[in-house]
Structure formats: C-alpha cells, structure tokens
Amino acid sequence: MATAAAPYRGRLAPSPTGHLHLGHARTFWIAQACARAAGGTLVLRDEDLDAARVRPEFAAAALEDLQWFGLRWDEGPDCGGRYGPYRQSERRDFYLAAFAELRARGAVYPCSCSRRDIQQALGAPHAGEEEPVYPGTCRPRPGMTPSAAPPGPGVNWRFRVPDGEVVGFADGACGLREYTAGRDFGDFVVWRHDGVPAYQLAVVVDDAAMRITEVVRGADLLLSTARQLLVYRALGLTPPAFRHTPLLTDEHGVRLAKRHAALSLRTLRDRGATPAGCRERWRDPTVS
Ligand code: GLU
C-alpha cells in the first residue's frame, strides 16, 4: 500500500546580516510559489547564528521588506508555530543534540587548524566563498581513538567525508547533480571553536526538525547540498527535496550580494518601485 506523501512544507531562511535584495526576493518568491502550488505551508526561519554580523534591526527589516514584497508565511518568529522557536539563536539544544549524535557515531573529529574557512563556517558559502578542500591534517588515522574533548572552546569540529563517494541528487530546477566527496569538497566544519554550530549542521538540523519537504534556495548552494546530504545520512534523517534557483547578477555578471545596496528591497521601495515592477526585472537575469 502506498503511503501518502508528507504535506508540503517549504521555508524562507534569511540571515539578518544586511538588507535583503532583489535576488533574495526572487528566490523567496519562487519558494512561495512552490508552497502555494502544492497547497502547502511556508516557514520563515531567522538564521541569526553569526552574532558578529547579525543585527536585530536587519531581522526586523527583513520581515517588513518581505511582507512589502508580497511574501506571507504560516510559521515564523513573528507568528509562532508548532516547530519553533524560529530563530536559530534560540535553537542551541537541537544543534547540541545533533552534534552529540554525530560524535557518538564517529562522524566528526576535532581540528586545530586555523584557516580562513573556519572563520567562514557560520555563513552559507555563497558564490566565490567556497573553502579549499581540507587536506586532512587533523583527520584521525585508522586505529586512533576518537577524541574525548568536549565541543569548544579551542577546537573546530569537522565532518569526515567519504573520499571518492559520489553524492548525487535530482534537483528540482537543475536536474541531476553529482559531486565527489574529497575532490569537490572536503571535511567541513560543523562546530566552531567558539562554541557556535556551523551553517552546514544548523541548516540540516532545522530543516529536518521543521519537517521541511522541499528546500528552495540559490544555485550557489548546490555544493552545500552535497555536504548536507552526508549530514542527513549520518544523523539517520530523511533529506527533503531540493530546488536551486538561478542567481541574479549585476551588470558585471557578479552575483547580487548585500553590498549591492542600490538593489536592496528597501532602497527600491524608497525610490518608488513596486513589487510587480521588481518582478518584471527578473525576466532578464542581469539587473542594474
Ligand atoms: N541563511 C542562509 C543564507 O541566507 C540560507 C541558506 C539556505 O537557504 O540554506 O544564505
């Protein structure tokens, strides 16, 4: 007997490290359209783990800008819901539990290397921000007893990837994608030396706990999906479906980022733009 598919649950996951721009709006608009087409639920999650860069005014502005743009969600930090809290800064216990599980299964190891990618591990790695493949300096050698050190302070914890394994998935927008562990990406940080969970762990834990059935996000996170699929497997969790949307670029072909202030939703609105007018501009993936 066929089991009924779980009801569709999608999510919007802004990081309040700056004002949202037209690229975010497009990705979120597609996420909303997918949820509506499926008669599903849309969750808003505030990804505010990066205390050094997060500002509460950006979180408030994000909700306001998204509402102005015409986005509506059913669960979130402003309206609650049964899978809350919806701010990552309030979900530490979930991350600690998942980390303990990964550790018990020998899937992670402490790493004392100090590298630029360790500093970056809090944020989702967007285009041009991918870390180099970790050379494995701190990887335990066969036969070594796993460290009994507690998470933080002082060491970063890396997820050990199965070298040579091809991680593939059927993306809803990009078709079949395949990445080779150890070549396209290496052992990645899941817990930082300052005691904060990294993006790759937090996003898996939250998408699973919030029963997300499809993740809609920018195409620059395709490689992160391969990493996250390994984390799902190590935790014994069923991954959602993935749909990675094409990125908007500026007139120089550069992916829109929070530094493109002129294309922030806030600035566009202040200059008299309308949401419908903004959506017109998406016909051309290059905006200026
Ligand atoms: N908070 C992440 C970002 O804004 C979202 C990444 C994701 O959708 O998984 O980059």
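Nothing fancy with the numbering, it's 1 onward along the sequence. When a ligand or atom number is given, it counts from 1 through the structure's own listing order. Quick note: numbers below take in every heavy atom, side chains included, and nothing from hydrogens, waters or symmetry partners.
Residue H126 places a heavy atom less than 4.0 Å from ligand 1.
Here F188 pairs with F159 under the ring-ring contact (aromatic ring centres under 6.0 Å, His included) rule; sequence neighbours left out.
Electrostatic pairing of E75 and R45 does not count as a salt bridge here, judged by no charged N lying under 4.0 Å from a carboxylate O. Salt bridge annotation for D65-R266: present, with a cationic side-chain nitrogen under 4.0 angstrom from a carboxylate oxygen.
Residue Y199 has at least one heavy-atom neighbour below 4.0 Å for each of these atoms of ligand 1: 6 (C), 7 (C), 9 (O). Each of the atoms 7 (C), 8 (O), 9 (O) of ligand 1 lies under 4.0 Å from some heavy atom of R217. Counting the atoms of ligand 1 from 1 in the order shown, those under 4.0 Å from a heavy atom of L221 are 6 (C), 7 (C). Every atom of ligand 1 is numbered from 1 in the order shown, and the set under 4.0 Å from a heavy atom of V203 is 9 (O).
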Evaluate the criterion ring pair (Phe, Tyr, Trp, His ring centres under 6.0 Å) for residue pair Y109 and W157; output intermediate values, then yes/no. CA-CA 5 Å; Y109 63 87; W157 285 76; 8.2 Å; no
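Among the atoms of A13, some N or O lies under 3.5 angstrom from an N or O of ligand 1.
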Got a list of side-chain donor-acceptor pairs under 3.5 Å for residues 229-241, not counting sequence neighbours?
residue	atom	partner	partner atom	Å
R233	NH1	E165	OE2	2.7
R233	NH2	E165	OE1	3.2
R233	NH2	E165	OE2	3.4

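Remark: R158 qualifies as a cation-pi partner of Y134 under the 6.0 Å distance and 45° angle criteria applied to the six-membered ring. Judged by the 6.0 Å distance and 45° axis criteria, R92 is not positioned over the aromatic ring of Y95.
With a 4.0 Å cut-off on non-hydrogen atoms, Q228 does not touch ligand 1 at all. At a heavy-atom distance under 4.0 Å, atoms from both the backbone and the side chain of S15 approach ligand 1. Neither the backbone nor the side chain of V215 comes within 4.0 Å of ligand 1, counting heavy atoms alone.
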